[in-house]
4 protein chains.
Amino acid sequence: MTTAQRRARERARRQQEILEAAKEVFFEKGIHRATVDDVAAQAEVSKGTVYLYFQSKESILAHLLLEGLSILLPQLEAAYAPQEPLSADKRLRQLVEAYCQFAHTYPHYLRLLLALDRGRFQERVSAEVYQEILTESTRGLKLVAKAIRQGTEEGVFTADDPLLTAGVLWGALNGALNLMANPVRREMILVEPEAVFDATFELFLRGLQAHNR
Amino acid sequence: MTTAQRRARERARRQQEILEAAKEVFFEKGIHRATVDDVAAQAEVSKGTVYLYFQSKESILAHLLLEGLSILLPQLEAAYAPQEPLSADKRLRQLVEAYCQFAHTYPHYLRLLLALDRGRFQERVSAEVYQEILTESTRGLKLVAKAIRQGTEEGVFTADDPLLTAGVLWGALNGALNLMANPVRREMILVEPEAVFDATFELFLRGLQAHNR
Amino acid sequence: MTTAQRRARERARRQQEILEAAKEVFFEKGIHRATVDDVAAQAEVSKGTVYLYFQSKESILAHLLLEGLSILLPQLEAAYAPQEPLSADKRLRQLVEAYCQFAHTYPHYLRLLLALDRGRFQERVSAEVYQEILTESTRGLKLVAKAIRQGTEEGVFTADDPLLTAGVLWGALNGALNLMANPVRREMILVEPEAVFDATFELFLRGLQAHNR
Amino acid sequence: MTTAQRRARERARRQQEILEAAKEVFFEKGIHRATVDDVAAQAEVSKGTVYLYFQSKESILAHLLLEGLSILLPQLEAAYAPQEPLSADKRLRQLVEAYCQFAHTYPHYLRLLLALDRGRFQERVSAEVYQEILTESTRGLKLVAKAIRQGTEEGVFTADDPLLTAGVLWGALNGALNLMANPVRREMILVEPEAVFDATFELFLRGLQAHNR
DNA sequence: TATGAATGAGTTTTCATTCAT
DNA sequence: TATGAATGAAAACTCATTCAT
């Protein structure tokens with residue numbers, strides 16, 4: 001039992017070490033250019049060992065993604081502050097601020113989240129991991145939806161389908177982030193990235209509040 | 001003279017054929033997985049011929065992108081309808097509908113546009129092509145900004161910086177499209193893609209119109 | 001007849017133009033890196049035309065080589081000065097000086113001559129051209145041999161086989177030129193190229209003159 | 001420890017095997033026409049494996065060159081016979097004979113040495129390997145220079161700059177070898193290669209000994 | 001469990017040469 | 001005679017993944 005436990009802990013630690021190395025390498029060289037060799041070298045293990053802990057390069061990516069979500073979600077939950085008596089407006093604002101903060105503090109994780117599309121995750125990743133990514137992502141979205149629902153119940157927001165509206169906000173914010181992540185498009189807009197992010201939320205909020213009409 | 005003309009036409013046609021083949025292949029296998037070999041095979045020419053018409057794989061992509069823009073832009077311009085006396089509201093709505101229409105009719109081009117980020121275009125593509133992409137993209141955005149400016153001048157919209165606001169709309173709509181393009185996220189929202197797109201615009205418009213406050 | 005003549009002249013002129021272009025391109029980009037396309041572009045003709053006048057890239061090279069020889073040989077002949085009453089010593093010295101001069105004035109042609117080995121001339125070039133290269137090269141060598149023979153007849157040189165001795169001189173001088181053409185070896189010797197060339201000849205001459213044992 | 005040692009030995013052996021295969025292939029097809037695929041096939045390993053042991057095609061060449069030098073140099077050193085009391089004349093003769101012997105026994109390595117010019121070694125090869133080539137080459141030349149210096153000190157040779165004179169000899173001998181390596185030129189001289197080599201040295205030696213005048 | 005050697009298909013790109021017009 | 005589009009065989013190099021030890 002004890003041995004089994006130590007084994008499991010050892011294994012988890014090693015996996016974490018490799019993940020840490022992958023993070024460094026992926027973020028520095030870019031996901032495409034970084035090779036599994038690079039990851040192994042950075043983790044100071046052999047390439048074979050990497051494959052002992054992860055079934056594929058994509059799988060490493062998926063775990064990294066999960067890690068990003070595991071950072072983001074507590075922050076969103078804290079921002080939502082379920083136990084405090086807060087206005088829907090404030091709640092939403094705090095959620096968005098938390099996301100903005102996350103985008104700013106962990107640009108690499110953000111890039112991963114935004115690029116979620118890319119990899120052939122579904123094919124190359126174990127069903128559990130894929131499921132977990134889905135669950136975690138949804139959790140975030142549901143917090144937003146909950147804040148919106150609160151607003152509609154309090155009569156300050158107008159939204160028929162809170163989950164859809166949360167999706168709209170989520171998409172719009174990501175759209176803003178995506179837009180400004182691209183040099184071509186940045187040349188088009190000519191303001192700092194944050195301005196677009198903020199403007200997006202303000203506009204969205206105004207739309208949400210415009211209940212008459 | 002006639003010979004030269006025919007030559008030029010032949011050349012243009014062949015280039016178009018290859019582009020068509022590339023479109024097929026890129027859209028079916030995905031940009032990453034499709035190879036120049038695939039393109040050549042699809043176009044029923046040799047690989048060398050492909051390189052006779054395009055300087056690199058990225059260049060093919062860029063031309064495809066340009067083609068997409070050359071479809072989208074006239075539609076946006078028609079939607080804007082400069083010569084007609086239209087309300088800003090209507091103009092904006094028509095622009096967004098045109099974009100939605102485009103997204104629906106040419107999902108492949110859309111994917112290209114949304115994926116613009118990827119490639120290292122700037123490095124692998126002739127300066128002219130890159131410039132053209134930038135110019136064309138900007139033209140679309142400026143139409144949107146113009147409609148918004150008209151609204152502010154007419155007192156129906158509130159927007160300090162029309163170009164920024166246009167960027168917000170553009171980003172938000174793309175965000176919606178992106179969101180729904182991803183199976184993971186589609187599973188999260190549980191409505192059809194168009195609904196998110198429409199909801200995004202309606203919310204944005206309401207925000208724009210909420211001039212008091 | 002006249003028409004045929006003009007045709008022939010036209011053809012010769014065109015061939016010369018292409019050769020000129022090839023010279024420029026080969027010497028600037030290096031023989032390996034220069035392509036037939038480059039040559040055609042420089043000559044302002046189509047690639048097909050190049051192949052109308054030369055059977056292969058190697059053939060162009062061979063003709064260039066021939067051109068180099070056609071510059072070098074008159075100079076060697078002038079240096080030999082058959083009609084003047086000259087000492088063998090002087091004659092030889094003049095020949096070597098002429099070669100040194102040529103090496104200095106036409107480094108590109110020299111490179112071609114020294115690299116004669118490289119190409120698969122014999123296979124890719126018409127028998128006539130190959131024969132001509134051989135004949136021309138031999139003519140130069142024979143001049144040197146003649147000067148040496150004169151010296152042995154006058155009793156100032158010791159050389160059993162003048163042609164062999166001429167070959168030795170020729171080889172030694174080329175060896176010196178080759179040696180100094182290479183950066184690795186230049187770092188080894190640490191003097192200017194000309195010094196090695198001159199020293200080679202002086203040593204050779206002394207050896208030639210040391211007739212008493 | 002033992003494992004590591006065996007690994008290292010295994011690795012060295014494999015590298016040697018590939019080098020052996022490369023030698024065969026390069027020497028048979030010529031350096032230009034031989035491909036890395038050929039080398040891999042000859043070594044009966046995959047192409048990837050070749051690149052596991054050598055960073056580039058040029059690098060293989062460099063190692064081959066180094067191998068040739070590692071054969072030649074001990075023979076030159078033995079020929080110099082530092083501990084024996086020998087006349088400079090004899091020493092030099094032995095050095096040249098050793099070189100001739102090498103040229104005869106290892107014509108392929110010789111070809112590599114003579115063709116050293118070609119490749120862009122400096123760019124494609126690790127600095128260490130390049131340095132080593134330079135060092136080894138220089139060592140041979142210095143032996144020759146030392147013998148010449150001994151001769152000048154003993155008053156039997158006349159040479160202001162022994163290193164330069166050694167370069168002259170080295171260049172002349174290589175020139176002779178080069179000359180006879182080429183079919184075109186061999187047809188010109190009409191004697192066996194060795195004769196030119198020997199004649200070169202004899203003439204050089206006589207020049208060196210002609211101290212009066 | 002850990003290693004790292006081995007794989008080999010796959011990638012983009014080049015270029016001498018041919019040939020229909 | 002001149003054109004230039006088309007060819008397609010190479011070529012060098014990469015890298016995710018496997019597997020014997």
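Below, chain A is the first sequence line, B the second, and so on; all start at residue 1.
- One finds no side-chain N or O of D:Tyr53 lying less than 4.0 angstrom from the OP1 or OP2 phosphate oxygen of E:dA5.
- Comparing C:Gly48 and A:Arg7 against DNA chain E, the residue whose closest nucleotide sits nearer the 5' end is A:Arg7.
- In DNA chain E, stems built from 3 or more consecutive Watson-Crick or G-U wobble pairs, each with both distances under 3.5 Å, span E:2-21 with F:2-21.
- As judged by a 4.0 angstrom heavy-atom cut-off over every strand, D:Phe54 is placed among residues making no nucleic acid contact.
- The side chain to side chain contact (heavy atoms under 4.5 Å, CB included) check on D:Arg13 picks up D:Glu10, D:Glu17, with sequence neighbours excluded.
- Summarising the geometry, the separation between NE2 on D:His32 and P on E:dA16 is reported as 13 Å, rounded to the nearest angstrom.
- Rounded to whole angstrom, the span from the OH atom of B:Tyr51 across to the C1' atom of F:dA10 amounts to 14 Å.
- The shortest heavy-atom contact between B:Leu19 and B:Leu64 is CG-CD1, 3.4 Å.
- For the pair B:Leu52 CG and E:dT13 C1', the computed distance is 13 Å after rounding to whole Å.
- With sequence neighbours excluded, the residues satisfying salt bridge (Lys or Arg N to Asp or Glu O under 4.0 Å) with B:Glu67 are B:Lys23.
- Listed pair A:Ser46 / E:dG4 fails the phosphate criterion, with no side-chain N or O lying under 4.0 Å from OP1 or OP2.
- When the P atom of E:dA6 is taken as reference, atom CZ of D:Arg11 falls 8 Å away, rounded to whole Å.
- Across all strands, B:Thr49 comes closer than 4.0 Å to base atoms (heavy-atom distances).
- Following rounding to the nearest Å, B:Ile31 (CD1) and E:dT11 (C1') show an atom-to-atom distance of 17 Å.
- Residues forming a ring pair (Phe, Tyr, Trp, His ring centres under 6.0 Å) with A:Tyr51 (at least two apart in sequence, or on another chain): none.
- Among the heavy atoms of the strands, none lies under 4.0 Å from D:Asp37.
- In this structure C:Tyr130 satisfies the ring pair (Phe, Tyr, Trp, His ring centres under 6.0 Å) test with no other residue, sequence neighbours excluded.
- The residue among D:Thr35 and B:Glu10 whose nearest nucleotide of DNA chain F lies closer to the 5′ end is B:Glu10.
- With rounding to whole Å, C:Lys47 atom NZ is found 10 Å from E:dC15 atom P.
- In this structure, A:Arg14 reaches the sugar-phosphate backbone alone: every heavy-atom distance under 4.0 Å involves primed, P, OP1 or OP2 atoms, never a base.
- At a threshold of 4.0 angstrom between heavy atoms, the contacts of B:Lys57 are confined to the sugar-phosphate backbone, with no base atom among them.
- Taking atom CD of A:Glu17 as the reference point, atom P of E:dA2 lies 10 Å away to the nearest angstrom.
- Here B:Glu24 pairs with nothing under the salt bridge (Lys or Arg N to Asp or Glu O under 4.0 Å) rule; sequence neighbours left out.
- Side chain of C:Ser56 to backbone of C:Ser59: a donor-acceptor contact under 3.5 angstrom is found.
- Distance CZ (A:Arg33) to P (E:dT11): 18 Å, rounded to an integer number of Å.
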